[in-house]
Protein chains: 2
Amino acid sequence: MGIKERKERHKEDLKARILEAAKKLFVKEGYEATSIRKIAAEIEFSPTTIYLYYKDKTDIAYALHQEGFRLLREQLGALAHVADPFERLKAMGRIYMQFAVNHPDFYELMFIMKDPMQYLKEHHPEEEWPEGERVFDGLMQTVSACKSGGYFPGMDTAEVAMLSWSVVHGLSSLYITSHFKHIADKCSSYALPDQEALLERAFNTYVQLIQRMH
Amino acid sequence: MGIKERKERHKEDLKARILEAAKKLFVKEGYEATSIRKIAAEIEFSPTTIYLYYKDKTDIAYALHQEGFRLLREQLGALAHVADPFERLKAMGRIYMQFAVNHPDFYELMFIMKDPMQYLKEHHPEEEWPEGERVFDGLMQTVSACKSGGYFPGMDTAEVAMLSWSVVHGLSSLYITSHFKHIADKCSSYALPDQEALLERAFNTYVQLIQRMH
DNA sequence: TGGATATATTAACACCGTTAAGTAAGTTTG
DNA sequence: CAAACTTACTTAACGGTGTTAATATATCCA
């Protein structure tokens, strides 16, 4: 029943097909609901086969997290057209938050959940996190360029980068975990409080703050 | 075998004893490892008894989250002695982050995990979150007092409050989920990067920004 | 051809949250 | 007083989870 005629099909790289199936389930039903057994059923293999290609579930979590970073970098690619460093910094924040809003499950896996970081601890004990470092480097470079343009005088580049990341992550994660929703009514003096508009406005407040450091 | 002589002991309020046991396990082993069965074993009752006092596990999660808020408000009590609103705002941020560092499991339950918010959606559909609102109100009042003192001219109180919360939450949560750890080496130009010191420095950068809005 | 090697399988372990059904004790009521 | 009812708790079970051990099957190479 399916377990027979699968062999005829291209079995090119089973590891890739497993990840593909995992991604499909993950996007549709979230991480928790993406069980090893369901992944196995999706590709019509026995559950234990998964373990021949991935050590355990956190291994798959990390692979999905990498997938998410590919997607994020794709979005960040639009920044290449923004010459002015301060405009680039602002656009970066907006794209980051946009990504969080559009792909909350991926965002969760990349920046909220502990599983992928746990994988790192066991497989790259030297505290390496290539995906995160790469994006953070881009942020550092942009902040550095802003400094060259007279922004952030007397401030440490890394500290400004960390703070900026924390701002957009704080906003994004409180939105995703729906913590914002429950205090949104206190935040909008007028009319209905569109969630995403609130994020935008809070971010603009941050932009106002750093704009004056010029 | 224990199931006999328990009745002699004070059974005052079993619901409270369940929560007590849950809290003990939770503090020692974290949320995931705190299973209904373990809680039941701890108080020497059958697992199903738990369900006579708590609807399901997210119900217990919410109770623990409330416990965490009691603890946080206790820490925030020290703010009563800080008269100057801007100093109070700074102290508030530091106490908040200190709480996250000292009680990461509670912090996770209160501000990172979805379970307690899920409970809210089912039991208080009117978007109420008393614990969160209470703390956020305190923040709003402090920001408002700062405005009266000339800070944040022309800025919206709620937006500044949201941003400030996002800053300390962003820093705290990235620290707890150990995302910071993996880019810490890029942040400290010199010597070993004490994690908590990094948080402090990034927060100070934020303070620098808002200090100039005066 | 025969043996090693890789690949996939079945069966099982030890958990989990949760529900249905049953039991024993205490309380109310005729 | 005894029967009916209620309360508090239990046992048993369902359907799921991640993961490991043991087993089979097919492929490749000597």
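First the proteins, then the strands, lettered A, B, ... as listed; each starts at 1.
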| request: Would you indicate what B:Thr49 reaches in the nucleic acid, counting non-hydrogen atoms under 4.0 angstrom: base, sugar-phosphate, or nothing? | output: base
| query | Does the separation of the ring centres of A:Phe111 and A:Phe69 fall below 6.0 angstrom? | reply | yes
| Donor + acceptor pair across side chains of A:Tyr107, A:Ser173 (<3.5 Å) | no
| query | Which of these, B:Val160, B:Leu163, B:Val167, sits in a side-chain contact (heavy atoms from CB on, under 4.5 Å) with A:Tyr206? | reply | B:Leu163
| said: Using the side-chain heavy atoms of B:Ser46, tell me which of these nucleotides is nearest: D:dT10, C:dG17, C:dT10. | reply: D:dT10
| said: Walk me through whether B:His103 and B:Phe99 qualify under ring-ring contact (aromatic ring centres under 6.0 Å, His included). | reply: CA-CA 6 Å; B:His103 310 284; B:Phe99 176 83; 5.2 Å; yes
| message | Between the base of D:dG18 and the side chain of A:Arg37, is one N or O donor paired with an acceptor at under 3.5 angstrom? | response | yes
| Proximal nucleotide (of C:dA8, D:dG18, D:dT17) relative to the A:Lys38 side chain | D:dT17
| Shortest side-chain distance from A:Thr48, nucleotide among C:dT10, C:dG17, D:dT10 | C:dT10
| B:Lys57 side chain, from C-beta outward: closest of C:dA8, C:dG17, D:dG18 | C:dG17
| said: Can you identify which nucleotide, out of C:dC16, D:dC9, C:dA8, has its nearest atom closest to the A:Tyr53 side chain? | reply: C:dA8
| Interatomic distance where CD1 belongs to A:Ile43 and P belongs to C:dT7 [whole Å] | 14 Å
| B:Glu44 CD to D:dC9 C1': how many Å, rounded? | 15 Å
| For the pair made of CZ in A:Phe45 and C1' in C:dT7, what is the distance, rounded to whole Å? | 9 Å
